Amino acid sequence: MSGLPVVLCVAEKPSLAASIAGFLSEGKHRSRRGGQEVHEFERDFNGARCHFKVTAVIGHVLSIDFPAKFQSWDLDPAILFDAPVQKKEATPKARVVEHLEREAKGASHLILWLDCDREGENICFEVIDACAPVMRPNRGDTFVHRAKFSAVSKESIERAMRTLGAPNRAEALAVDARQELDLKVGVAFTRFQTRFFQGRYSHLDASVISYGPCQTPTLNFAVQRHLEIVSHTPEDFWSLHVEVRSTSLGKTLVTRWERERVFDGDVGEMFRSMVAGDRHALVESVEETEEFKRRPPGLNTVDLLKAASAGMGMGAHRAMQVAERLYIQGFISYPRTESTAYPPGFDLKGTLKAQRGHPDWGEWVEELLAGSMTKPRGGKDEGDHPPITPVRSATESAVGGGEAWRLYDFVARHFIASVSPDCAYVSRRATLVAGGERFRVSGQTVIAPGWTTVMPHRAVEDDPLGEIERGESLPIATVELRQGATSPPPYLSEAELIGLMERNGIGTDASIPTHINNIESRKYVTIQSQGGRRVVPTDLGVTLVQGYHRIDPELALPAVRSHVEKQLDMIATGKADHESIVRHTLAQFAAKFRNFVDQIERMDTLFEASFDPTCSSGKPFSKCGRCLRYMRLVSTRPQRLYCPTQEEVLELPAGTVKLYNNRECQLCGFELLLYQNGDRTYPMCPWCFNHPPFVGGSRPTKGLVSGAPHPRAHPIVDALVVCPCPECGEDDKLKGREGGWLMLEPVGGPRWKFVCTGCALVVKLNDSVHRVTVDKLDVCGACGARCPTVIYHKDRTPLAGGETAHVACLACDDLLNSSIELARGRGAARGGGRGGRGGRGRGRGRKPPSDHDQKMSFKDF
DNA sequence: GCAAGGTC
């Protein structure tokens, strides 16, 4: 090390760190990788020579969540509003905190180069929290500095260095507040809705029925359009179609009726006969004006996404992925920006020069460079990133063709268009009179196509009206009264939806695609790839939104977001303190939540109208312990039992569930089932599985249950248990948990086996065994385990004298051990399991049984 | 299994 004081600079993303280092060092930095890339150089700071290190985080360092004890879906979601929240590393894999600590160690100064928006301000404090404790600033020094930059340019970065300030705590706190509100509101409503509706309706195949302050209003837009469409009643209308002949032009002109249309057929007919009574139309006036079609301003994210969706058939989410890749590969500039105005000092000419010689638009670029290049028009500079531009010239094959090319092609053409002259044309319009009615004809002549040269799909059509004089009389060729009917608007296009979200402040440029993707993947809408990506809500989507409108419309309206934003603005501007705003707003949402829970039936009745209640589907299966009637097995996932009389839904673990010979649970009287997991079968009580009678008992879990559905304490398990599992029994006991037990598999022969309640261990008995039973009273004198009674086949018995009955300990008896094989069963250690007990056989210094069946005895353990 | 916001 140089021994100079160290100045650590931290940017929001690696690419920005590289740019900043380049500007501050005039390109003379060295780069090394250590977690994230670090760029180093020497430079004066505060009047002293310093060693600069410039590195980056990857967006937020931390994210917010509930502590572990609030993660259970069995809790009443209402308590979440008062629950504590904690910050933890957002992407633990990236080890950003560790990286920051290492680079900050001993540093004298920290300069924060996070993006200059609220989120960036919040990340500042995340970075400070990681760095400050390990830094070694000079006594009395202000050592944390905030760099404020409005563009990634040398000027702006140098200016930021000269005007360093302090990070804005108020803005950061506003973000903390948003995070807490979004988390609590979103998770509380989502858990409640999901638990309430899940299992109630058979064709409702949704694993999660989510609510969110952005996703739900997004869905609302799509549903409102749907309602407009379905409530539309067509109305008949009539319109006059008149064509006149222009002798001077030698062609027929199609006119437009000034009234456009009337909604009464008799009136339409009256107009028709009036016009038809005239043989000529008189040219009342002719107007000619020069018009301009303005060049587009710079391209921001939202406009790029709209164009991709509407013009390229590429979804917003997909477009963002493709743009991201083009950016990483250096073809286009940073694709996440709100700005449509180029910042002062932006190198427009250099950017344009890079496109010189391009086979598709190089010629036009030359023309611009030769003098016709025009200053970009208007737009807004949000101070985040410049508009999206091409960075270097590339051909279709260079960017990899397909979607990447279509996007690059658009970005390049859009940029070139933004510095091209406007398109100029002459518009000529004439008004004709016939039968007292006015009709119009128009045409236009392009003078200079300007920017539309590179964006031909937006060109003005060259369609001259030709010579037509005021006072001229044109013969009428045809007069027709056409009948039509009003039609509903089409479904919302994704591009329109993006526009609505932007205008209503739902999401950000970076998150809008995620929200749209969200409502699609949750099956609230489908997006039709044919016909311009129309967003069509599903029954589920419509039902949810209608439900919110019945109970509390605000839940689905964009106002939810803007109300919260207003509260946050108060924090950000220091007009109110974080604490009280959060408390106040949470109280409002908690009240909304209680009201929602109270009135959920109003949404439920809507669900009933669209979905089959579970009670009307499924086949009669096993007996309910309370009404003694048959419950129905609903096999659409998630698999469950439904008792029509008790209106109770009992969840079942994923896997095969069978009947267990009419046996009943001693605890609750429900008919017992067999639960098959891979090649192991366990007894199961559907009631006890959902309402565990013991502390630490099983809970319904999604997916596979990795061991037995019940602990040993349940009588149906206890009756079959013989000894602790040699694989997981003892170990877990040492950890203070109930270990696994070997139990006789309840399905019987001819392939008798013992299975572990906790892991995948299977103890198979060979084919000399005819029958096995377990009796609580037969206890091994040596180890205290229960001794199963094994009955051998007469002709295959290993017992002396042809004896067939053998009561012996599975753990201690050598003879019995000669008739077994240990194996690890299939289908274990998947799906999370319960308490992490399943299939933990590895890495403990003993040789575990292999996946293949293998002769091995208990002595091997 | 849950939100929304950064960014890869």
Side-chain angles (χ1 to χ4, degrees), chain A residues 11-17 35-37 56-66 70-75 77 80 83 85 87 89-91 93-94 96 114-124 126-127 172 174-195 197-199 205-218 301 320-321 323-325 327-329 334-336 384-385 501 505-519 521-522 560-561 564-565 568 589 637-638 651 654 699-703 831-832:
Chain A
E12 191 159 321
K13 43 191 160 283
S15 62
L16 203 52
Q36 299 306 313
E37 211 170 10
V57 291
I58 320 157
H60 271 290
V61 180
L62 306 175
S63 69
I64 184 181
D65 203 353
F66 294 111
F70 293 93
Q71 295 294 348
S72 167
W73 286 56
D74 292 335
L75 300 168
L80 295 175
V85 291
K87 290 202 175 196
E89 220 168 327
T91 21
K93 265 193 194 157
V96 177
L114 285 307
D115 289 359
C116 295
D117 51 27
R118 271 188 206 169
E119 295 294 333
E121 222 56 36
N122 186 270
I123 303 174
C124 279
E126 297 178 346
V127 171
V175 171
D176 281 343
R178 178 196 55 73
Q179 291 177 341
E180 185 171 345
L181 289 167
D182 285 348
L183 175 74
K184 290 186 169 177
V185 174
V187 172
F189 277 89
T190 298
R191 284 190 191 166
F192 171 70
Q193 291 183 162
T194 302
R195 291 234 104 163
F197 290 112
Q198 202 172 55
D205 68 335
S207 60
V208 167
I209 301 175
S210 57
Y211 173 86
C214 285
Q215 57 174 267
T216 304
T218 301
T301 307
M320 216 51 227
Q321 289 174 335
E324 186 83 34
R325 215 182 67 226
Y327 160 65
I328 297 290
Q329 295 170 336
Y334 192 65
R336 278 188 284 263
D384 48 355
H385 296 273
M501 293 174 74
I506 304 296
T508 65
D509 50 358
S511 70
I512 281 174
T514 314
H515 298 311
I516 297 177
N517 203 43
N518 224 336
I519 60 172
S521 65
R522 297 270 159 75
V560 185
R561 194 75 194 155
V564 172
E565 294 289 346
L568 299 180
F589 275 105
R637 274 187 281 184
E651 296 187 38
R699 288 245 165 66
T701 47
K702 266 282 147 60

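Values in this document were obtained by computation on a predicted structure and should not be read as measured data. To find a chain, count down the sequence lines: A is the first, B the second, and so on, and within it residues start at 1.
- A donor-acceptor pair is defined here as one N or O able to donate and one able to accept, closer than 3.5 Å; no such pair exists between the side chain of A:Lys87 and the backbone of A:Val61.
- Separation of atoms CG (A:Asn122) and CG (A:Asp176) is listed at 5.0 Å; rounding is to 0.5 Å.
- One N or O on the side chain of A:Gln198 and one on the backbone of A:Ser207 form a donor-acceptor pair closer than 3.5 Å.
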B/S/- contact track for nucleotides 2-7 of chain B, protein heavy atom under 4.0 Å: BBBBBB
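- Distance alone, capped at 3.5 Å, is enough to place a donor-acceptor pair between the A:Arg195 side chain and the A:Trp73 backbone.
- Expressed to the nearest 0.5 Å, how far CD of A:Gln215 lies from OG of A:Ser511 amounts to 11.5 Å.
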